[in-house]
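Step one of this worksheet: look at the structure below.
The chains referred to below are lettered A, B, ... by the order of the sequence lines, with proteins before strands, and numbering in each begins at 1.
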There are 2 protein chains.
Amino acid sequence: LTIETARTGRQRKADAIARLEAIHADTWVATASPSGAVHLVPLSYAWTGEHILIAAQPGAVTARNIVASGGARLGFGPTRDVVLVDCALDRVVDANDPAATEAGVRYAEQADWDPRLESDAYVYLLLRPRRIQAWRESNELDGRLLMRDGEWSV
Amino acid sequence: LTIETARTGRQRKADAIARLEAIHADTWVATASPSGAVHLVPLSYAWTGEHILIAAQPGAVTARNIVASGGARLGFGPTRDVVLVDCALDRVVDANDPAATEAGVRYAEQADWDPRLESDAYVYLLLRPRRIQAWRESNELDGRLLMRDGEWSV
């Protein structure tokens, strides 16, 4: 068993951003209803530099929970190289609304499908990272907090 | 791009059980507090054939949420070969309670650590699967429900 040396905070930040920029990747999206019913599902995503974009049908459990609760917790990466992001919902836009053009272009570039081309109605959920943690093995639990209150701490 | 043929229900069940039996693997554990605050973290697990075992310090958010809500939603596998399990909490046992011996032995066999050897106090949470879904790509969304109300449907 080889234990890698714990990464620096700066390296973890760079790795976390690379994860957010990954092409054709999915993130585990955990949400809860106002009554505390938990939901979890993997979804495609894109990163604008400011928001994590996910797309969903407006009636989907994930979309309803995010709108009701105002946020989500996202898990990226394999379980031994995780990035965990607590997000706040900034905006919801219909995929075919002209106001969504920038999000739609970005999403289609990074995700592996384009909700604008679907016959069903989709929305983009613009999620702003508020808290980011990243670790690989237990030796990286110290120093795992990279962003708090929306500000990078490394 | 090669799209694999959708697996049969029987094959998905076999694959899902193999995933539950995987050695040294982690699962994404999504939980919610009674007030609807969502939590998500990867944890080691073991499978007894009846329960998914996870171990946690009793004060950890995951343990507190599971005890308060009575359940969790677990995500296994990479995001393009997922098994999603909604679980009900059957029991919580202290890792060093003699009543936990069977769970402790099983957990130590399958997970890559042994909570009984830690100086901090741990509990095992015995989670009973109630609903299981499994899919790889979008062509497997049909037929993804493998268990409902605790009974395999395939």
Can you confirm whether [X] is buried at [atom1], in the sense that more than 12 heavy atoms of other residues, nucleotides or ligands lie under 6.0 Å from that atom?
X      : atom1 : result
B:D120 : CG    : yes
B:R80  : CZ    : yes
B:E109 : CD    : yes
B:E102 : CD    : no

Joint cluster assignment, [X] & [Y], ILVMFWY side-chain distance < 4.5 Å:
X      : Y      : answer
B:V92  : B:Y107 : no
B:W152 : B:V83  : yes
B:V41  : B:W113 : no

Please report the shortest heavy-atom distance between [X] and [Y], naming the atom on each side.
X     : Y     : value
A:V38 : B:V38 : CG2-CG2, 4.2 Å
A:V82 : B:P42 : CG1-CG, 3.6 Å
B:G36 : A:A32 : O-CB, 3.5 Å

Cut-off 4.5 Å, heavy atoms of chain A, and the answer for B:L74 is backbone
So, the part of B:A68 with a heavy atom under 4.5 Å from chain A: the answer is neither
Under 4.5 Å from any heavy atom of chain B, what part of A:S138 do you find: side chain, backbone, both or neither?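 Contact with chain B involves no heavy atom of A:S138 at all.
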Quiz prompt | Sole residue of A:V85, A:V29, A:L40 in side chain to side chain contact (heavy atoms under 4.5 Å, CB included) with B:L40 | solution =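 Only one of A:V85, A:V29, A:L40 forms a side chain to side chain contact (heavy atoms under 4.5 Å, CB included) with B:L40, namely A:L40.
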So do B:H39 and A:D86 actually touch side chain to side chain, heavy atoms under 4.5 Å? no
Between A:T79 and B:T27, is the side-chain contact (heavy atoms from CB on, under 4.5 Å) condition met? List the steps. CA-CA 7 Å; A:T79 54; B:T27 178; over 6 Å; no
For the atom pair CG (A:L84) and CH2 (B:W28), what is the distance rounded to the nearest 0.5 Å?
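Atom-to-atom, A:L84:CG and B:W28:CH2 are 5.0 Å apart.
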